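Accompanying notes for the structure given below.
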2 protein chains.
Amino acid sequence: MATNTKERILDAAEELFADRGFPSTSMRDITQGADANIAAVNYHFGSKEALLLAVLKRRIEPVNQARVARLDELESSAGDQPISTEELVRTFLTPVFETWQEHGGAAPKYMKLLGRIHAEVDQDLRTKFIQETGAVLERFATAFERGLPALDASEVRWRVLFLVGSMAYTMTWGTALLEVGDQARRDSEQVLETLIQYTTAGMTVPSTASVVAADREAR
Amino acid sequence: MATNTKERILDAAEELFADRGFPSTSMRDITQGADANIAAVNYHFGSKEALLLAVLKRRIEPVNQARVARLDELESSAGDQPISTEELVRTFLTPVFETWQEHGGAAPKYMKLLGRIHAEVDQDLRTKFIQETGAVLERFATAFERGLPALDASEVRWRVLFLVGSMAYTMTWGTALLEVGDQARRDSEQVLETLIQYTTAGMTVPSTASVVAADREAR
DNA sequence: GTCTATATGCGGATAGAC
DNA sequence: GTCTATCCGCATATAGAC
């Protein structure tokens, strides 16, 4: 448990937001979980909403920074060659799973929180998240386009949407699969690799239009 | 607008739950949206939570019934042959998108609601949903296994998780992409086809273990 | 079936003592 | 920085008239 109150509040809030969601978590729950006084949230963060932003920022920023830094590196070393689709997929996905690893590998709260933000439909709450992550997504979409010239921009973006969906869902529910030690047990590194192979295959499949045309041809 | 109060409440609740989520929607919002009295929800449904269950049931049951009915059909006509992966993917995905079509095709509330349920992390609220859908998922996972003998049961279930994630995310956010008429514009039929091709490619990719082994070989 | 009025509790936030 | 006490609004739910 963190020593100072502010950190303890961040930790407790993160866990509770991940488990129950923002609206269903009360400040009384948070301060009790953090072993702090009910007034401490407002003193340290100003409001419940400001606390949420602080919690999100602490996790999202490093992930997105790692993604962009690695992409910068790839692009500068590739020159005018397109980057391979698998490498792009790997670059996008690895940073979140590293967060997973770094903290013990066992279903940590941040993964569930990150998954939840993706899924959360609250327009207001998403605004800040979108601003940060939307730009990153667009950079990756553009990079994907260069390596997949047969696809139009629209199809690439839909596929990126599918990719993000699988990732978010895995973050939210994969932890449960990992925990229960059931049939689906495998460690998070292997899950990442499975997801990368799956996603790369999906991203590189011929365009829907061409498949439909070929199908028509065959009849 | 539906004629009787009960239906109007279901419609209004569905839309509001989809947009704001369950905890953030008040019964005042619902009854106001349904042009009904504040006491009507408790009169017709008993409680807010019972209303949610009614809203969910109305959409999920037909979808899962269609999935299972079509799978029964495929299995009985296939005899002891495994069903093709693409056909299984198609069978699982089509029913939700048909719901989409049936109601005008333009980003309807049910899609967002269905997507939200998948994403929702509230243990309590998910229990009923899981019971209904978990069984359906397990039937499909088993069918996938038969057509993908190179994969172990664990890897098949992870891939099914990815599949569900893409689907749920598309239901939640795809509507927004469809609405804005931006670069990613295409109609829902084409989105379904794109998702089917993407997913089939992901499901049928060689096992992670074999890919990693081949990679090691190559060095 | 539909309404008004109300019971009862929990929510976020803050004032002000220490 | 931390605490108690409290303000005030909104939530669900129900009692009881019509």
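Side chains are part of it too, since the values below use all heavy atoms of this structure and drop only hydrogens, waters and symmetry mates. None of these values were measured; they are calculated from a predicted model. Each chain gets a letter, A, B and so on, in the order the sequences are listed, and its residues count up from 1.
For A/Ile38, counting side-chain heavy atoms from C-beta on, the closest listed nucleotide (D/dT4, C/dC3, D/dA13) is D/dT4. Comparing D/dA13, D/dT6, D/dT2 by their nearest atom to the side chain of A/Arg28 picks out D/dT6. Checking C/dG1, D/dT2, C/dT4 against the side-chain heavy atoms of A/Thr5 singles out D/dT2 as nearest. For B/Lys48, the listed nucleotide lying nearest its side chain is D/dA13; candidates were C/dA13, D/dA13, D/dT2. Of the candidates D/dT12, C/dG11, D/dT2, D/dT12 carries the atom nearest the B/Met27 side chain, counting heavy atoms from C-beta on.
Regarding B/Leu16, its CG atom lies at a distance of 12 Å from the P atom of D/dA11, rounded to whole Å. Between the CZ atom of A/Phe45 and the C1' atom of D/dG1 there is a distance of 14 Å, rounded to whole Å. Distance, A/Gln32 CD to D/dC3 P: 13 Å, rounded to whole Å. With rounding to whole Å, A/Ile9 atom CD1 is found 11 Å from D/dT2 atom C1'. For A/Asp35 and D/dC3, the CG to C1' distance is 14 Å, given to the nearest whole Å. One atom, NE2 of B/His44, and another, P of C/dG1, lie 6 Å apart when rounded to the nearest Å. Distance B/Lys6 NZ to C/dG1 P: 9 Å, rounded to the nearest Å. Following rounding to the nearest Å, B/Asn42 (CG) and C/dT2 (P) show an atom-to-atom distance of 14 Å.
Scanning for salt bridge (charged side-chain N to carboxylate O under 4.0 Å, His left out) contacts around B/Arg28 gives an empty result, with sequence neighbours left out. Residues meeting the salt bridge (charged side-chain N to carboxylate O under 4.0 Å, His left out) test with B/Glu193, sequence neighbours left out: B/Arg90.
Residues B/Gln190 and A/Thr208 bring no donor and acceptor atom of their side chains to less than 3.5 Å of each other.
The phosphate of C/dG11 has OP1 or OP2 within less than 4.0 Å of a side-chain N or O from A/Ser26. Dashed line: the shortest gap from a side-chain N or O of A/Asn37 to OP1 or OP2 of D/dT4 is under 4.0 Å.
Figure legend: B/Lys6 and B/Phe45 shown as a cation-pi pair, the cationic atom lying under 6.0 angstrom from the six-membered ring centre and within 45 degrees of its axis.
Here A/Ala39 lies in heavy-atom contact (under 4.0 Å) with a base. Counting any heavy atom pair closer than 4.0 Å across all strands shown, A/Thr25 reaches sugar-phosphate atoms only and no base atom.
A salt bridge links B/Glu145 with B/Arg157; the closest basic N to acidic carboxylate O contact falls under 4.0 Å.
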